[in-house]
There are 2 protein chains.
Amino acid sequence: MFKAMPKENLYEFARQAIPCVGFNTRRATRLITQYYDKALAPADLRSTQYSLLSALSMTDEVTMQDLAFVLAMDRTTLTRNLSPLLKKGWIKVSVGGDRRARPIRITSKGKTVLENALPFWEKAQSHILDNLGDSKWDQIMKGLHKISMIVEENPL
Amino acid sequence: MFKAMPKENLYEFARQAIPCVGFNTRRATRLITQYYDKALAPADLRSTQYSLLSALSMTDEVTMQDLAFVLAMDRTTLTRNLSPLLKKGWIKVSVGGDRRARPIRITSKGKTVLENALPFWEKAQSHILDNLGDSKWDQIMKGLHKISMIVEENPL
DNA sequence: TAAAAATAAGTGTATATACACCCATTATGT
DNA sequence: ACATAATGGGTGTATATACACTTATTTTTA
């Protein structure tokens with residue numbers, strides 16, 4: 001059934017056949033993440049790990065909860081996602097003034113890894129933006145933002 | 001650092017601070033998938049499982065490879081994702097004329113599950129589309145499609 | 001036709017994701 | 001002050017994701 005269909009039409013087909021907003025965003029995200037994963041492979045980093053280091057590089061210290069909130073990531077997912085970074089010594093987790101809290105900070109080793117990864121990320125990013133156009137990306141981003149607001153503010 | 005920031009501004013902040021296309025699409029997709037997961041929970045279905053059943057309901061039989069291609073999902077990921085559906089008897093995997101191939105088909109039990117899930121999916125979907133507007137979604141979808149084409153056709 | 005290349009799919013491993021439940025610590029109400 | 005609420009995090013479990021490697025089968029080629 002699908003085999004005969006030209007590749008260009010498959011997206012249209014999938015979209016018509018499976019109009020689900022969730023499916024279609026997941027589909028695109030899979031492809032995009034695979035792209036960045038491949039781009040970052042020479043720097044020994046996965047997409048998510050790059051994002052985490054990138055976020056941590058912009059603040060001195062941040063607690064699990066706060067970081068999870070900014071990333072719109074479940075708190076427990078963040079714990080798991082940070083674990084490989086911790087193992088590799090790219091981040092440090094300590095104990096806060098509130099002794100329940102676990103402030104996280106990037107290490108100098110982590111900063112070096114991030115700096116080394118930057119050109120690889122840059123290449124992937126500009127590849128996309130050069131072909132898409134900044135204003136188009138801005139438009140998509142605003143749209144995704146809007147959907148995010150809707151799902152966060154309209155509990156079922 | 002993040003704690004004081006009002007929620008509305010956090011998206012903007014994250015976007016400015018982490019301009020990565022991959023991060024931002026993943027972030028939105030996490031929220032959206034959580035939303036559909038919650039919506040589909042009463043039907044005992046996850047978002048991905050709903051998509052898979054939905055795709056399978058539109059064809060008589062399809063091989064792993066073909067389905068993986070349509071879904072833009074790694075072939076091995078598909079194998080893993082189908083496994084809970086198989087365990088529950090919602091799909092059937094057989095052996096094709098080409099004895100390497102494994103044609104998949106949805107069972108009548110699977111069809112029933114899908115039908116029961118439909119109103120829950122509908123509610124989540126229309127919640128989003130009613131608040132977003134069909135044309136806006138069309139625009140976003142076209143954008144994501146464009147990015148998908150770019151990353152598929154511009155190997156690094 | 002037999003050897004080599006290509007193809008369809010599964011497994012081992014590692015990360016990504018989130019819910020339910022648990023523990024430790026802090027804040028609150030009386 | 002003490003019992004109770006609330007809060008910050010981690011673990012157990014299950015699914016989602018994909019790469020490297022393997023196996024079985026088909027196709028191609030010398």
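Only this structure's heavy atoms are used, side chains among them; waters, hydrogens and symmetry mates stay out. Naming: A, B, ... by sequence-line order, numbering from 1 per chain.
Among the protein residues, R30(A) comes within range of the sugar-phosphate backbone only, with heavy atoms under 4.0 Å from sugar or phosphate atoms but none that close to a base.
OP1 or OP2 of dA9(C) sits under 4.0 Å from a side-chain N or O of Q65(B). OP1 or OP2 of dC19(D) has at least one side-chain nitrogen or oxygen of K38(A) nearer than 4.0 Å. Residue Q34(B) places no side-chain N or O under 4.0 Å from the OP1 or OP2 atom of dT17(C).
Nucleotide dA20(D) holds its P atom 11 Å from the CG atom of D37(A), rounded to whole Å. Between the P atom of dT15(D) and the CG atom of D74(B) lies a distance of 19 Å, rounded to the nearest Å. In this structure, I32(A) atom CD1 and dA18(D) atom P are separated by 12 Å, rounded to whole Å. The distance between atom CZ of R26(A) and atom P of dA18(C), rounded to the nearest whole Å, is 12 Å. The CG-C1' distance, from L67(A) to dG9(D), rounds to 14 Å in whole Å. If you measure from atom CG of L71(A) to atom P of dT17(C), you get 10 Å, rounded to the nearest angstrom. Rounded to whole Å, the distance from CE on M64(A) to C1' on dG9(D) is 7 Å.
For dG10(D), its base sits under 3.5 Å from the side chain of R75(A) at one donor and acceptor pair at least.
Within residues 110-124 of chain A, no residue has any heavy atom under 4.0 Å from DNA chain C. Near DNA chain C, defined here as any heavy-atom distance below 4.0 Å, the residues from residues 77-92 of chain A are T77(A), R80(A), N81(A), P84(A), K87(A), listed numerically. Contact check of residues 40-54 of chain A against DNA chain C (heavy atom, cut-off under 4.0 Å) returns R46(A), T48(A), Q49(A). Contacts with DNA chain D (heavy atom under 4.0 Å) in residues 101-108 of chain A: A101(A), R102(A), listed by number.
Residues passing the side chain to side chain donor-acceptor pair (under 3.5 Å) test with S83(A), sequence neighbours excluded: none. Residues passing the salt bridge (Lys or Arg N to Asp or Glu O under 4.0 Å) test with R105(B), sequence neighbours excluded: D60(B), E61(B). Every residue two or more places apart in sequence or in another chain that forms a salt bridge (Lys or Arg N to Asp or Glu O under 4.0 Å) with D98(A) is listed here: R100(A). For K38(B), the side-chain contact (heavy atoms from CB on, under 4.5 Å) partners are Q34(B), not counting sequence neighbours.
Pair assignment for dT15(C) gives dA16(D), based on Watson-Crick or G-U wobble hydrogen-bonding distances that are each under 3.5 Å. Base pairing of dT26(C): no nucleotide in any strand meets the Watson-Crick or G-U wobble criterion (both distances under 3.5 Å).
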Q) Given T59(B) and L67(B), is the side-chain contact (heavy atoms from CB on, under 4.5 Å) satisfied, shown in steps? A) CA-CA 10 Å; T59(B) 179; L67(B) 185 56; over 6 Å; no
Q: Could you please spell out the steps behind the side-chain contact (heavy atoms from CB on, under 4.5 Å) verdict for T77(B) and L71(B)?
A: CA-CA 11 Å; T77(B) 301; L71(B) 304 176; over 6 Å; no
Q.
The test is side-chain contact (heavy atoms from CB on, under 4.5 Å); show your working for I106(B) and W90(B) and say whether it passes.
A. CA-CA 6 Å; I106(B) 188 170; W90(B) 297 343; 5.7 Å; no
**Q.** Steps toward side-chain contact (heavy atoms from CB on, under 4.5 Å) verdict (L144(A), T29(B))
**A.** CA-CA 9 Å; L144(A) 291 177; T29(B) 298; over 6 Å; no
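Side-chain N or O atoms of D66(B) include none that pairs as donor or acceptor with a backbone N or O of V62(B) at under 3.5 Å. R75(B) places no side-chain N or O within donor-acceptor distance of the main-chain N or O of M64(B), the cut-off being under 3.5 Å. Using modelled atom types, no side-chain atom of T63(A) and backbone atom of A101(A) make a donor-acceptor pair closer than 3.5 Å.
The minimum heavy-atom distance linking L40(B) with A117(B) is given by the pair CD2-O, 4.0 Å. Residues L56(B) and I91(B) approach most closely at CD1-CG2, 3.5 Å, considering heavy atoms.
Each salt bridge (charged side-chain N to carboxylate O under 4.0 Å, His left out) pair with one or both residues in residues 82-96 of chain A, not counting sequence neighbours, would appear here, but there are none. The side chain to side chain donor-acceptor pair (under 3.5 Å) analysis of residues 112-133 of chain B, with sequence neighbours excluded, yields the pairs Y36(B)-Q125(B). Sorted by first then second residue, the side chain to side chain donor-acceptor pair (under 3.5 Å) pairs that include residues 42-55 of chain B, not counting sequence neighbours, are R26(A)-S51(B), D37(B)-S47(B).
In this structure, K146(A) and M149(A) have side chains that are not in contact, with every pair of non-hydrogen atoms separated by 4.5 Å or more.
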Q. What string of B, S and - do you get for nucleotides 24-29 of chain C, 5' to 3', if B is base contact, S is sugar-phosphate-only contact and - is no contact with any protein heavy atom under 4.0 Å?
A. BBS---
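Anti is the conformation of dA18(C), whose glycosidic angle sits further than 90° from 0.
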